[in-house]
Amino acid sequence: AQSVTQPDIHITVSEGASLELRCNYSYGATPYLFWYVQSPGQGLQLLLKYFSGDTLVQGIKGFEAEFKRSQSSFNLRKPSVHWSDAAEYFCAVGDSTQGGSEKLVFGKGTKLTVNP
Amino acid sequence: GAVVSQHPSRVICKSGTSVKIECRSLDFQATTMFWYRQFPKQSLMLMATSNEGSKATYEQGVEKDKFLINHASLTLSTLTVTSAHPEDSSFYICSARAQAGQYFGPGTRLTVT
């Protein structure tokens, strides 16, 4: 069964600092991987996704993520964090045999706090 | 493009009553929609998969008679929480499947008093 682990429950960074949010997955085949962001009381916005090809994926709002098969990881990065990036971030894995848009399994999320 | 709406955004109901939540894909057709539930400070848990014109598929542990799902058109799925109880209070989020992936609605905060 698929599973996603986000080891960090809460991360605090200073505005302008770099950011890396960790995500590890468990899946038998090549996974479809996603990062979503959720602001308080809101739905989820897709930041980026990996289906195949280049393992470094560029997303919206200056985010990127790198798929590392050997480490079963899909960490999210941003070189310089803005105060508006404060939110909850969810990593998710989808079933590649179903085209990646079927059932998603989410990690527990990482809450990002940005200090001025 | 790929906008999904939910209505209502917030609802408060009394214990024992039923509540209907709507999920609409505004600019695309979705044969498949998903309903998730999110407890405070928790991740999203898939409740059921809603397929247009057929019965929904429920995840293990989700009571299908309590959480009624109807997907009557290619742009609308509804979740009805029947005989709601305080433990049903939660944040309910739907998503609609598009070619490029799933797009999520803004969520509905249900409070049962």
Side-chain angles (χ1 to χ4, degrees), chain A residues 1-11 21 23-25 31-53 57 59-60 65 74 87-113, chain B residues 1-11 21-26 28-51 56-60 62 89-111:
Chain A
Q2 304 151 264
S3 67
V4 177
T5 301
Q6 292 181 246
D8 304 305
I9 297 173
H10 190 183
I11 284 183
L21 302 182
C23 173
N24 293 96
Y25 67 89
Y32 285 8
L33 295 161
F34 307 81
W35 274 100
Y36 288 89
V37 61
Q38 183 182 36
S39 297
Q42 301 295 315
L44 275 69
Q45 181 181 24
L46 178 66
L47 287 176
L48 48 78
K49 61 191 175 189
Y50 170 78
F51 283 6
S52 64
V57 181
I60 62 171
F74 189 57
E88 188 94 22
Y89 291 80
F90 291 95
C91 181
V93 61
D95 188 346
S96 62
T97 62
Q98 298 291 335
S101 58
E102 294 299 330
K103 298 180 183 180
L104 295 180
V105 175
F106 286 85
K108 293 187 181 296
T110 298
K111 181 178 180 180
L112 174 65
T113 297
Chain B
V3 177
V4 176
S5 70
Q6 277 184 246
H7 178 80
S9 58
R10 292 177 176 270
V11 58
I21 303 171
E22 293 184 347
C23 177
R24 293 182 185 273
S25 57
L26 297 185
F28 66 102
Q29 294 182 331
T31 56
T32 302
M33 293 183 175
F34 302 90
W35 286 97
Y36 295 84
R37 184 173 180 176
Q38 185 180 31
F39 290 104
K41 300 183 180 181
Q42 297 290 319
S43 187
L44 283 76
M45 299 298 295
L46 179 65
M47 299 174 64
T49 302
S50 170
N51 298 298
T57 303
Y58 291 82
E59 295 300 300
Q60 190 173 11
V62 177
S89 298
S90 190
F91 194 54
Y92 292 87
I93 303 177
C94 73
S95 70
R97 185 179 71 152
Q99 194 167 13
Q102 287 186 36
Y103 293 90
F104 286 79
T108 297
R109 172 73 61 193
L110 170 63
T111 303

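Quick note: numbers below take in every heavy atom, side chains included, and nothing from hydrogens, waters or symmetry partners. In what follows, chains carry the letters A, B, and so on, assigned in the order in which the sequence lines appear, proteins first and then strands, with residues in each chain numbered from 1.
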- So, does B:S43 use its side chain to make a donor-acceptor pair with the main chain of A:G109 at under 3.5 Å?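 No; zero donor-acceptor contacts below 3.5 Å.
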- Query: What do you reckon, is CD1 of A:I9 surrounded by more than 12 foreign heavy atoms closer than 6.0 Å?
  - Reply: no
- Item | Exceeds 12 heavy-atom contacts within 6.0 angstrom, atom NE2 of B:H7 | no
- Message: One pair to check against side-chain contact (heavy atoms from CB on, under 4.5 Å): B:F104 and A:Q42. What are the steps and the verdict?
- Response: CA-CA 10 Å; B:F104 286 79; A:Q42 301 295 315; over 6 Å; no
Measure distances from [X] to the heavy atoms of chain B and classify the residue's part below 4.5 Å as side chain, backbone, both or neither.
{"X": "A:F90", "value": "side chain"}
{"X": "A:K49", "value": "side chain"}
{"X": "A:L44", "value": "both"}

- Message: For B:E59, which atoms come within 4.5 Å of any heavy atom of chain A: side chain, backbone, both, or neither?
- Response: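 Only the side chain of B:E59 comes within 4.5 Å of chain A.
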- Message: Which atoms of B:I93 are under 4.5 Å from chain A, going by heavy atoms: the side chain, the backbone, both sets, or neither?
- Response: side chain
- Message: Give me the atom names and distance for the closest heavy-atom approach of B:F91 to A:Q38.
- Response: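 The pair with the smallest heavy-atom distance is CE2-NE2, 3.7 Å.
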- Query: At what distance, to the nearest 0.5 angstrom, does CD of A:E88 lie from CD of B:Q38?
  - Reply: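 One finds 7.5 Å between CD of A:E88 and CD of B:Q38.
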- Note on the structure: CZ of A:F34 to CD of B:Q102, rounded to nearest 0.5 Å, is 7.0 Å
- Task: Tell me, with the steps shown, if A:L104 and B:Y36 meet side-chain contact (heavy atoms from CB on, under 4.5 Å).
- Result: CA-CA 10 Å; A:L104 295 180; B:Y36 295 84; 3.8 Å; yes
